[in-house]
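Written out below as structure tokens is the structure these notes cover.
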Amino acid sequence: MLLVYAFASTFQDQLYVYWIPSFLVEGRGLDATTMGLFTPLPLIGGAIGGILGGFLNDGLIRRWGNRRWARSVVACTGKLVAAAMVILSLQVPDGRMAMVVLLLARVFGDWSLPTQWGATTDMGGRAAATLFGLVNTVGALGGFVAGPCLGYLKQEYGWNGLFYGVAAMCVVAALTWLFIDCTKRLVED
């Protein structure tokens, strides 16, 4: 399930890196200069989300004493809120405000990254580097598949189809955390 998470999670990244500039110009009518100013917001949100997620993970592990559910709650909640925010951004007609919503979507989407890294370390044990490599490879494969999938959704269903597709993959990523048990080692030490 950690591999399914890595694969599905990449679709949100692809939205921000490859589709947002076109969305702002074609979908929200911003000029090139304004688009250039607002396009980096989700990337800034990712950095903020990673920091917040790390603190939240550590705090819940200390408070609850249950590493598995602390990690799962943080990651699942973050991806579900990200999915809702991606959809909400479609309802905002002003491109600048839509980008503020997408900044928040990225904060919540990326606060699951420290969870993923922590779970990979927990589960990998002495083989953690190998597991990190495998998870990153599957994430890269997700990025490769996301390109044509998102392109198809945009071509056939417009911006709504693309954004709903990304939101659906956020939900898939969220649901994997109901099954990921980071307390079970893949390799005995």
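By convention here, the first residue in the shown sequence is residue 1. Please read all numbers here as calculations on a predicted model, not as lab measurements.
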Handout entry: side chain to side chain contact (heavy atoms under 4.5 Å, CB included) between M99 and V92, intermediate numbers included
Key = CA-CA 9 Å; M99 288 309 296; V92 180; over 6 Å; no

Problem - Within residues 76-99 or reaching into it, pairs that qualify as side chain to side chain donor-acceptor pair (under 3.5 Å) - sequence neighbours excluded - result: S9-K79, Q12-K79, D94-R96

Problem - 4.5 Å side-chain heavy-atom contact, W19 and F163 - result: no

Practice task
Identify, with sequence neighbours excluded, every residue that meets side chain to side chain contact (heavy atoms under 4.5 Å, CB included) alongside Y157.
Solution key: Y152, L153

Practice task
Kindly say whether L30 contributes a backbone atom to a donor-acceptor pair with the side chain of T34 at under 3.5 angstrom?
Solution key: no

Handout entry: Partner residues of V138 under the side chain to side chain contact (heavy atoms under 4.5 Å, CB included) criterion, sequence neighbours left out
Key = L3, F7, L134

Problem - Other cluster members, W117 - Ile/Leu/Val/Met/Phe/Trp/Tyr, side-chain contacts below 4.5 Å - result: L113, F132

Handout entry: Qualifying residues under salt bridge (Lys or Arg N to Asp or Glu O under 4.0 Å), relative to R28, sequence neighbours excluded
Key = none

Practice task
Mind listing the closest non-hydrogen atom pair of F144 and P148 along with its distance?
Solution key: O-CD, 3.1 Å

Exercise for the section: Please lay out, stage by stage, how S72 and F179 fare under the test side chain to side chain contact (heavy atoms under 4.5 Å, CB included). Expected result: CA-CA 9 Å; S72 293; F179 304 98; over 6 Å; no

Handout entry: Inter-residue atom distance L131.CG - R185.CZ, 0.5 Å rounding
Key = 11.0 Å

Exercise for the section: Using a 4.5 Å cut-off on heavy atoms from C-beta on, say whether the side chain of C170 contacts that of F11. Expected result: no

Practice task
Mind checking side chain to side chain contact (heavy atoms under 4.5 Å, CB included) for S22 and listing every partner two or more places apart, or none if nothing turns up?
Solution key: E26, W159

Fill in the blank from the handout: Closest heavy-atom pair, A6 versus Q116, reported as atoms and distance to 0.1 Å, is CB-NE2, 4.3 Å

Exercise for the section: For T176 and L2, indicate whether the former's side chain and the latter's backbone hold a donor-acceptor pair under 3.5 Å. Expected result: no

Handout entry: Members sharing W69's hydrophobic cluster (side chains within less than 4.5 Å)
Key = none

Problem - Distance-only polar pair, side chains of T39 and Y16, donor-acceptor under 3.5 Å - result: no

Problem - Check against side chain to side chain contact (heavy atoms under 4.5 Å, CB included), L41 and L102 - result: CA-CA 8 Å; L41 286 182; L102 288 170; over 6 Å; no

Fill in the blank from the handout: Shortest non-hydrogen pair, V171 vs A83, comes out as CG2-CB, 3.8 Å

Completion exercise
CG (L103) and CE (M85) are apart, to the nearest 0.5 Å, by 9.0 Å

Problem - Taking every non-hydrogen atom, the tightest pair across G142 and T10 - result: C-CG2, 3.9 Å

Exercise for the section: Hey, could you give me the CG/CG distance between D13 and D110, rounded to the nearest 0.5 Å? Expected result: 6.0 Å

Practice task
List in chain and number order the residues that pass side chain to side chain donor-acceptor pair (under 3.5 Å) with T183, two or more places apart in sequence or in another chain; answer none if no residue qualifies.
Solution key: D181

Practice task
Check P114 against G50 and note the closest heavy-atom contact, atom names and distance.
Solution key: CG-O, 3.1 Å

Exercise for the section: Please report the C-alpha distance between W64 and V73 in whole Å, then the side-chain angles of each, then the deciding distance to 0.1 Å, and finally whether the side chain to side chain contact (heavy atoms under 4.5 Å, CB included) criterion is met. Expected result: CA-CA 11 Å; W64 293 353; V73 164; 3.9 Å; yes

Problem - Listed partners of L43 passing side chain to side chain contact (heavy atoms under 4.5 Å, CB included), at least two apart - result: R106

Run the side-chain donor-acceptor check on residues 51-58: report pairs under 3.5 Å with partners two or more places apart or on a different chain.
unit_1, atom_1, unit_2, atom_2, d
N57, OD1, R71, NH1, 3.3
N57, ND2, G53, O, 3.4
N57, ND2, T115, OG1, 2.4

Problem - salt bridge (charged side-chain N to carboxylate O under 4.0 Å, His left out) contacts in which one or both residues fall within residues 82-91, not counting sequence neighbours - result: none

Fill in the blank from the handout: The complete set of ring-ring contact (aromatic ring centres under 6.0 Å, His included) pairs with one or both residues in residues 78-111, sequence neighbours excluded, reads F108-W111

Handout entry: V25 with V101, same ILVMFWY side-chain cluster at under 4.5 Å
Key = yes

Handout entry: I180 reachable from I61 in the ILVMFWY side-chain graph, under 4.5 Å edges
Key = no

Practice task
Check the surroundings of atom CE in M97: do more than 12 heavy atoms from other residues, nucleotides or ligands lie under 6.0 Å from it?
Solution key: no

